[in-house]
Amino acid sequence: GRGHRTKGSRMSQHQTQGRRLIALLKRRACTYREMLEATEGYTPWRRVDECLNPGEQIVKGKRGKWVTWRVVSATRWTA
């Protein structure tokens with residue numbers, strides 16, 4: 001019924017948000033604050049983690065004192 005469609009659209013909104021963030025994180029590393037500013041959600045890092053494809057992985061780094069996230073495609077060297 002109707003409730004199912006609403007639930008489905010909410011899930012796809014989260015997935016869309018996650019994939020958008022993953023595209024950003026593939027282009028450049030972002031801090032937690034930059035991820036928050038890029039989306040309307042409160043925990044964008046959770047969306048990223050939920051929406052990773054099997055061949056992708058998160059690589060955490062540092063920019064000064066800030067933790068950064070980046071998404072890379074796993075190869076046989078990183079898997």
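Below, all heavy atoms of this structure are taken into account, side chains as well, without hydrogens, waters or symmetry copies.
Pairs passing the salt bridge (charged side-chain N to carboxylate O under 4.0 Å, His left out) check and including a residue from residues 58-71, sequence neighbours excluded, read Glu34-Arg63. Sorted by first and then second residue, the pairs that involve residues 38-49 and meet salt bridge (charged side-chain N to carboxylate O under 4.0 Å, His left out), not counting sequence neighbours, are Arg47-Glu50. Applying the ring-ring contact (aromatic ring centres under 6.0 Å, His included) test to pairs two or more places apart or on separate chains, those with a residue in residues 50-75 are Tyr32-Trp69.
In this view, Glu37 and Arg33 satisfy the salt bridge (charged side-chain N to carboxylate O under 4.0 Å, His left out) rule, not counting sequence neighbours. Take Trp45 and apply the side chain to side chain donor-acceptor pair (under 3.5 Å) test, not counting sequence neighbours, and it matches no residue.
In the hydrophobic clustering of ILVMFWY residues, with side-chain heavy atoms under 4.5 Å counting as a link, Val67 and Met35 come out together.
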Can you give each donor-acceptor pair under 3.5 Å made by side-chain atoms of residues 18-26, sequence neighbours left out, with the distance rounded to 0.1 Å?
from  : atom 1 : to    : atom 2 : distance (Å)
Arg19 : NH1    : Cys51 : O      : 2.9
Arg19 : NH1    : Glu56 : OE1    : 2.9
Arg19 : NH2    : Glu56 : OE2    : 3.0
Lys26 : NZ     : Glu56 : OE2    : 2.8

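The closest side-chain heavy-atom distance from Leu36 to Pro44 is below 4.5 Å. In this structure, Ile58 and Val48 have side chains that are in contact, with non-hydrogen atoms separated by less than 4.5 Å.
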